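The structure presented is a predicted model; accordingly, all values stated were derived computationally and were not measured.
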Amino acid sequence: QVQLVESGGGLVQPGGSLTLSCSASGIFFRINAMGWYRQAPGKQREVVARITRGGITNYAESVKGRFTVSRDNTKNWVYLYMNSLKPEDTAVYYCNAGVEVVAGREYGSWGQGTQVTVSS
């Protein structure tokens with residue numbers, strides 16, 4: 001069984017910065033694409049950023065130029081560097097990963113989420 005755990009959430013003022021981390025643990029063959037999603041109260045969960053195992057990234061238009069996603073394949077960690085934060089970035093942020101528990105069979109895995117609040 002694979003577990004994803006997020007950390008780094010908290011309260012930050014508008015214009016500030018915050019870094020989120022996600023670690024994967026358990027028994028698996030390999031982890032493929034990883035990503036960050038967020039969900040604000042009353043809103044649908046949306047993708048924020050994704051990164052392939054080879055390092056190709058994609059970002060939501062609302063965060064492009066402000067957020068950066070990266071990963072450490074050796075440690076099986078993924079990070080989200082958030083800059084110039086806005087109140088509308090307030091949400092619970094979730095880590096997601098495509099995990100091959102055995103070679104050739106991929107399953108989606110989710111973390112429990114970490115709260116990010118941007119407010120004065």
Side-chain angles (χ1 to χ4, degrees):
Q1 186 173 357
V2 178
Q3 293 181 334
L4 301 179
V5 180
E6 305 97 334
S7 63
L11 175 65
V12 64
Q13 293 183 322
S17 301
L18 206 61
T19 299
L20 304 182
S21 300
C22 174
S23 62
S25 62
I27 302 174
F28 53 84
F29 174 67
R30 68 179 178 182
I31 296 177
N32 298 317
M34 302 186 78
W36 289 95
Y37 294 71
R38 68 185 181 187
Q39 186 168 24
K43 302 291 184 179
Q44 187 176 13
R45 186 175 298 186
E46 63 176 349
V47 61
V48 177
R50 301 200 76 213
I51 182 169
T52 69
R53 194 158 62 88
I56 300 174
T57 60
N58 291 98
Y59 299 92
E61 288 296 324
S62 60
V63 307
K64 193 172 297 182
R66 299 188 298 119
F67 292 9
T68 301
V69 63
S70 66
R71 65 188 291 171
D72 185 329
N73 290 342
T74 301
K75 296 181 178 181
N76 294 313
W77 288 3
V78 64
Y79 310 91
L80 185 65
Y81 305 96
M82 303 183 290
N83 300 301
S84 302
L85 284 162
K86 305 175 181 179
E88 49 263 45
D89 293 319
T90 297
V92 176
Y93 285 70
Y94 299 89
C95 179
N96 173 264
V99 181
E100 291 185 41
V101 178
V102 296
R105 298 183 179 182
E106 182 177 316
Y107 298 88
S109 183
W110 291 89
Q112 294 185 347
T114 184
Q115 177 71 47
V116 172
T117 302
V118 185
S119 177
S120 299

Over 60° means perpendicular and under 30° means parallel, so classify the ring planes of Phe67 and Tyr93, tilted if in between.
tilted
Is the closest basic N to carboxylate O distance between Arg38 and Glu46 below 4.0 Å?
yes
Test of understanding: clusters of I, L, V, M, F, W, Y form through side-chain heavy atoms closer than 4.5 Å, transitively. Do Val63 and Val47 belong to the same one?
no
Can you name the nearest heavy-atom pair linking Arg66 to Asp89, along with the distance?
NH1-OD2, 2.8 Å
When you measure from the side chain of Glu6 to the backbone of Gln112, do you find a donor-acceptor pair of N or O atoms at a distance under 3.5 Å?
yes
How are the rings of Tyr79 and Trp77 set to each other: parallel, tilted or perpendicular (split at 30° and 60°)?
perpendicular
State whether the side chain of Asn76 and the backbone N or O of Ser25 hold a donor-acceptor pair below 3.5 Å, judged by distance alone.
no
Please check: side-chain N/O of Ser17 versus main-chain N/O of Asn83, any donor-acceptor pairing under 3.5 Å?
no
State, to 0.1 Å, how close Val78 and Cys95 come at their nearest heavy-atom pair, and which atoms those are.
CG1-SG, 3.7 Å
If you take all heavy atoms of Val69 and Trp36, which pair is closest and at what distance?
CG2-CD1, 4.0 Å
Could you go through Arg71 and Arg53, starting from their C-alpha distance and side-chain angles, then the distance that decides it, and tell me whether this counts as side chain to side chain contact (heavy atoms under 4.5 Å, CB included)?
CA-CA 8 Å; Arg71 65 188 291 171; Arg53 194 158 62 88; 4.1 Å; yes
Are Ile51 and Ile31 connected in the hydrophobic side-chain network, where two residues link if heavy atoms are under 4.5 Å apart?
yes
With no hydrogens and no angle check, is any side-chain donor or acceptor of Tyr107 less than 3.5 Å from a backbone partner on Ala97?
no
Can you see which heavy atom on Tyr59 is nearest to which on Ala49, and at what distance?
CD2-CB, 3.6 Å
May I ask you to decide if Val118's main-chain N or O and Thr90's side chain share a donor-acceptor pair within less than 3.5 Å?
yes
Nearest heavy-atom contact between Ala91 and Ala40 is CB-N, 3.8 Å
